Participant: 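Quick one: this structure, given as structure tokens, is what I'll be asking you about.
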Number of protein chains: 2
Amino acid sequence: MFSKSCEYGLRATIFIAEQSSSNQVVGLKTIAKAINSPEAFTAKILQVLTKNNIISSIKGPHGGFRIEESRMKEIKLIQIITILDGNKIFYGCGLGLDQCDENFPCPLHNQFVKVKEELRMMFETNTLQDILFTENVKNMFWLKR
Amino acid sequence: MFSKSCEYGLRATIFIAEQSSSNQVVGLKTIAKAINSPEAFTAKILQVLTKNNIISSIKGPHGGFRIEESRMKEIKLIQIITILDGNKIFYGCGLGLDQCDENFPCPLHNQFVKVKEELRMMFETNTLQDILFTENVKNMFWLKR
DNA sequence: TAAATAAAGGATATTTAGATCCTTTTATCT
DNA sequence: AGATAAAAGGATCTAAATATCCTTTATTTA
């Protein structure tokens, strides 16, 4: 469904959000361990997310990554997905046709539109805030299982 | 959403089905042209589909590929997808977690389950027969646009 | 039976995603 | 100021997906 980059990016962002909600700045090593991802590769993804103003980074000793409290309710998961994977998953033809739309639909067009729209709404409506409020955020991380 | 292999495989199968419904055997070249896919790569995919008894192949002059009339209503799209891409898309965790289920869900588990199940049902319920009966099958192919 | 045709199969090439390594920059602390 | 810590950035490397090429096998037709 999503690329590895996008999976790691989502997991990392949620983890950073979770830590930021208790004012913790977290470093790369900690993040990679928590979300079970390769460190150097995760670094690249965090760079992209930083440039796109999803997370912010702090260099030097005691540096790391964080998310402003005020951004939590602004950042929607769909932004992260779009940055890392584009929007083909939400708008592309499921059968891979270049030209497939209302006027010239593939046989599955209408069904695809329905489920893809539902998928899009799912990520459009969920903010980081929402995720943090769920019962099972901490399930995701390699902490105290 | 799907791999190229799977996209080509679905398009090719639908095309062969469409041709078979008027008793036409179609060769690789024709298929690749019709569905706008690389010929040799498509050949590999058709081999897999043949081995998996989705389509049947005929060697030698006037050979090609076809689908038995009786198979049309038996073959569900989900079979083709499962053969070519596995079932991760229907059952895997959207965030890429190894352990994510009812008992140990990620924050998006329930929402993912819902949309993934809908996606699965979409391909579970659509047979080749169903696709051939749709208004816009022919939209898919590079024939008389 | 020989020539031609088309899929099967094997080997190889190319591209992209995924991952790692090393150097540079920025900041902090002593 | 010098040492240290951590992210940024550049260069590579690896594996998997995608794609091509060539030979073999099966079948048909002349």
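Chain identifiers are assigned alphabetically (A, B, ...) following the order of the sequence lines, protein sequences preceding nucleic acid strands; residue numbering begins at 1 within each chain. Keep in mind that what you see is a predicted model, and the values were worked out from it rather than measured.
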Participant: I need the NZ-P distance between K4(A) and dA17(D), as an integer number of Å.
Facilitator: 12 Å
Participant: Salt bridge between E68(A) and R66(A), side-chain N to carboxylate O under 4.0 Å?
Facilitator: yes
Participant: What orientation do F123(A) and F90(A) show, parallel under 30°, tilted 30 to 60°, or perpendicular over 60°?
Facilitator: tilted
Participant: Can a salt bridge be assigned to the pair R71(B) and E69(B) using a cut-off of 4.0 Å between side-chain N and carboxylate O?
Facilitator: no
Participant: Does L28(B) reach a base, just sugar-phosphate, or nothing at all? Heavy atoms under 4.0 Å.
Facilitator: sugar-phosphate
Participant: May I have the distance from I16(A) (atom CD1) to dA6(D) (atom C1'), rounded to whole angstrom?
Facilitator: 14 Å
Participant: Rounding to an integer number of Å, can you tell me how far K88(B) NZ sits from dA16(D) P?
Facilitator: 14 Å
Participant: Considering every strand and a 4.0 Å limit on heavy-atom distances, what is the contact class for K29(B): base, sugar-phosphate, or nothing?
Facilitator: nothing
Participant: Less than 4.5 Å apart, any side-chain heavy atom of N139(A) and any of P105(B)?
Facilitator: yes
Participant: Between T42(B) and K51(A), which residue's closest nucleotide on DNA chain D lies nearer the 5′ terminus?
Facilitator: K51(A)
Participant: Where the side chain of A40(A) is concerned, which of dC21(C), dA7(D), dA8(C) is the nearest nucleotide?
Facilitator: dC21(C)
Participant: Just how large is the angle between the end axes of the helix from dT1(C)-dA30(D) to dT30(C)-dA1(D), five pairs per end, to 10 degrees?
Facilitator: 0°
Participant: Report yes if at least one side-chain N or O of Y8(A) is closer than 4.0 Å to OP1 or OP2 of dG18(C); otherwise report no.
Facilitator: no
Participant: Both T50(B) and G60(A) contact DNA chain C. Taking the nearest nucleotide for each, which residue is further toward the 5' end?
Facilitator: T50(B)
Participant: Given that E39(A) and P61(A) both sit by DNA chain C, which one's nearest nucleotide is further toward the 5' end?
Facilitator: E39(A)
Participant: Between atom CZ in R66(B) and atom P in dA6(C), what is the gap in whole Å?
Facilitator: 17 Å
Participant: As a test of reading the structure: which of dT20(C), dA7(C), dT18(D) is closest to the side chain of K59(B), going by heavy atoms?
Facilitator: dA7(C)
Participant: For F41(A) and dA8(D), what is the distance between atoms CZ and P respectively, to the nearest whole Å?
Facilitator: 16 Å
Participant: Are Q47(A) and dG9(D) close enough that a side-chain N or O sits under 4.0 Å from OP1 or OP2?
Facilitator: yes
Participant: Taking the side chain as C-beta and beyond, is there a heavy-atom pair between N110(A) and K114(A) under 4.5 Å?
Facilitator: no
Participant: Are L132(B) and T127(B) side-chain neighbours, meaning at least one heavy-atom pair lies under 4.5 Å?
Facilitator: no
Participant: Looking at K33(A) and E39(A), is any side-chain nitrogen of the basic one under 4.0 Å from a carboxylate oxygen of the acidic one?
Facilitator: no
Participant: Please state how far atom CD1 in I58(A) lies from atom P in dT25(C), giving the value in whole angstrom units.
Facilitator: 21 Å
Participant: State whether S5(A) places a side-chain N or O below 4.0 Å from either non-bridging phosphate oxygen (OP1 or OP2) of dA17(C).
Facilitator: no
Participant: Can you find a pair of side-chain heavy atoms, one from S5(A) and one from F41(A), that are under 4.5 Å apart?
Facilitator: yes
Participant: Rounded to the nearest angstrom, tell me the gap between atom CZ in F2(A) and atom P in dG18(C).
Facilitator: 13 Å
Participant: Please state how far atom NZ in K44(B) lies from atom P in dT12(C), giving the value in whole angstrom units.
Facilitator: 13 Å
Participant: Tell me whether the side-chain N/O atoms of H62(A) come closer than 4.0 Å to OP1 or OP2 in dA6(D).
Facilitator: no
